[in-house]
Number of protein chains: 2
Amino acid sequence: MGRWEPNARGRLEQAALDLYSEHGFEQTTAAQIAERAGLTERTFFRHYADKREVLFGGAHALEQAFVDTLADTPAAAAPIDAMASTLETVAAFFLERHEFAQQRQAVIMANAELRERELIKLASLSAALAATLRRRGVKDPAASLTAEAGIAVFKVGFERWVADTGQRTLAEYLRESLDELKAVTSGE
Amino acid sequence: MGRWEPNARGRLEQAALDLYSEHGFEQTTAAQIAERAGLTERTFFRHYADKREVLFGGAHALEQAFVDTLADTPAAAAPIDAMASTLETVAAFFLERHEFAQQRQAVIMANAELRERELIKLASLSAALAATLRRRGVKDPAASLTAEAGIAVFKVGFERWVADTGQRTLAEYLRESLDELKAVTSGE
DNA sequence: CGGTTGATGTCAGTCACTGACATCGGCTCG
DNA sequence: CGAGCCGATGTCAGTGACTGACATCAACCG
């Protein structure tokens, strides 16, 4: 297929993560990433819409996993229970990726533009979950709020899991966060 | 103070909102905004870090209002009640601004970069609220989750208020959203 | 082997944003 | 009132993200 080596996207993502880690996001030019991947700057922008997007290649798959899992949950379950079950299932996605998640998160948290991109991915995820809930008959604003609650739990749990040294699983942190959210919204 | 007319920031914000509304965010150059405001492009970037920021001049004041209000809430109140009271108080901020909010929101929602900026402002607000709660003795993850819950309620309520024709107040939408979140997290 | 196709390379151009330096207007102080 | 200070603005040149148009190459297809 390609003119030279295969897996151009993989090489670009690895090169970008390495360079962003070493020199920082702003100090890295698209041309440098492309060069390390054995490609040209123009080709970089054919694979990724901008310099940020190269760190979010997996976002679409994650959203798909969330949506598919939620859609497959028994219809009888209350929305929040369906969301809880979805979070637990998707957490398995990260079982072998703690170290990678830490490196990637460090890069993202070090730069405001990257944090913005992370937030819009989560917002897109929330919107997709809300749409899925609506398809299951949940009305608004319940659907939107259940989705937002799920994303809030994911954000807080994920952040704590990444900060951890790797003892507890993401699923544990997510369960803990959900329980805490329930406690908090019921007035303690 | 200024070399010419006063209120350079105000003129830039008005010119930007108008141009973004008329031609779209991407189709508007910083030079065009500056020209309409009677200034140069360089001066635009002295007042605002980038093209997006000119729409968020009020974000800092809003965050301050949130934080101050939450900090002034009686210490006895449960965190979620303090948050509810804060939301209601801050809603007054928008009483006379429905039309402005609609125009601004239409511009923001029409562009992904602007949505990203909006999201990071809300994330910053969430972090500030969580810090305020911690200062009141609330532990993590309760503090983070209460703040995230408050922001989720604000997002959903605000969105519905903006979509409304102006019958109900923002405070009503926020109260409704909070009630719905409580219902949803308690398993319906 | 010639044609097709999709990924890549090349090149020129726009625009967001920045640093360095000049200039202007108002204000203070003597 | 006039000299000088200072903050806001203007000017200019430069970097780098991103894009459109077009050429090229490698694999595949018949």
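What you see below is based on every heavy atom in this structure, not just the backbone, and it leaves out hydrogens, waters and symmetry mates. Residue numbers begin at 1 in each chain, while the letters A, B, ... track the order of the sequences. In this text, all values refer to a predicted model and were calculated from it rather than measured experimentally.
If you check D/dG16, D/dC18, C/dT8 against the side chain of A/Phe45, the one that comes closest is D/dC18. With D/dT9, D/dA21, C/dA20 as the candidates, the nucleotide lying closest to the side chain of B/Arg42 is C/dA20. Here the side chain of A/Arg52 is nearest to one of D/dC18, D/dC22, D/dT9, namely D/dC18. When the nucleotides D/dC18, C/dT8, C/dA16 are ranked by their closest atom to the side chain of A/Glu41, D/dC18 comes out on top. In this structure, the nucleotide among C/dT8, D/dA17, C/dT18 sitting nearest to the side chain of A/Thr43 is C/dT8. In this structure, of C/dA16, D/dG10, C/dT8, it is C/dA16 that holds the atom nearest to the side chain of B/Lys51. Among the nucleotides D/dA17, C/dC21, C/dT8, the one closest to any side-chain atom of A/Ala30 is D/dA17. When distances run from any side-chain atom of B/Thr29 to the nucleotides D/dC18, C/dA16, D/dA17, the shortest one goes to C/dA16.
Between A/Gln27 atom CD and D/dT15 atom P the separation is 16 Å, expressed in whole Å. Between A/Glu113 atom CD and C/dA16 atom C1' there is a gap of 11 Å when expressed in whole angstrom units. Nucleotide D/dA17 holds its C1' atom 17 Å from the CD atom of A/Glu35, rounded to whole Å. Look at CG on A/Leu19: it is 12 Å from P on D/dA17, rounded to the nearest Å. The distance from atom NE2 of A/His23 to atom P of D/dG16 is 14 Å, rounded to the nearest whole Å. The interatomic distance linking A/Arg117 (CZ) with D/dA17 (P) rounds to 14 Å, in whole Å.
The pair B/Lys51-B/Glu26 does not meet the salt-bridge criterion, since no charged nitrogen lies less than 4.0 angstrom from a carboxylate oxygen. Under the 4.0 Å criterion applied to side-chain N and carboxylate O atoms, A/Arg168 and A/Glu176 are assigned as salt-bridge partners.
Residue A/Leu174 comes nearest to A/Leu87 through the heavy atom pair CD1-O, 3.7 Å, listed as atom of the first residue, atom of the second, then distance.
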Salt bridge (charged side-chain N to carboxylate O under 4.0 Å, His left out), that's the test. Do B/Arg104 and B/Glu99 meet it? Break it down for me. CA-CA 9 Å; B/Arg104 182 173 169 284; B/Glu99 198 173 346; over 6 Å; no

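Note: the hydrophobic cluster containing A/Ile80 does not contain A/Val184 (ILVMFWY, side chain heavy atoms under 4.5 Å, direct or indirect links).
A/Ala8 comes within contact range of the sugar-phosphate backbone alone, with a heavy-atom separation under 4.0 Å but no base atom that close.
For A/Arg46 against C/dG6, no side-chain N or O and base N or O form a donor-acceptor pair under 3.5 Å.
Residue B/His47 places no side-chain N or O under 4.0 Å from the OP1 or OP2 atom of D/dA8.
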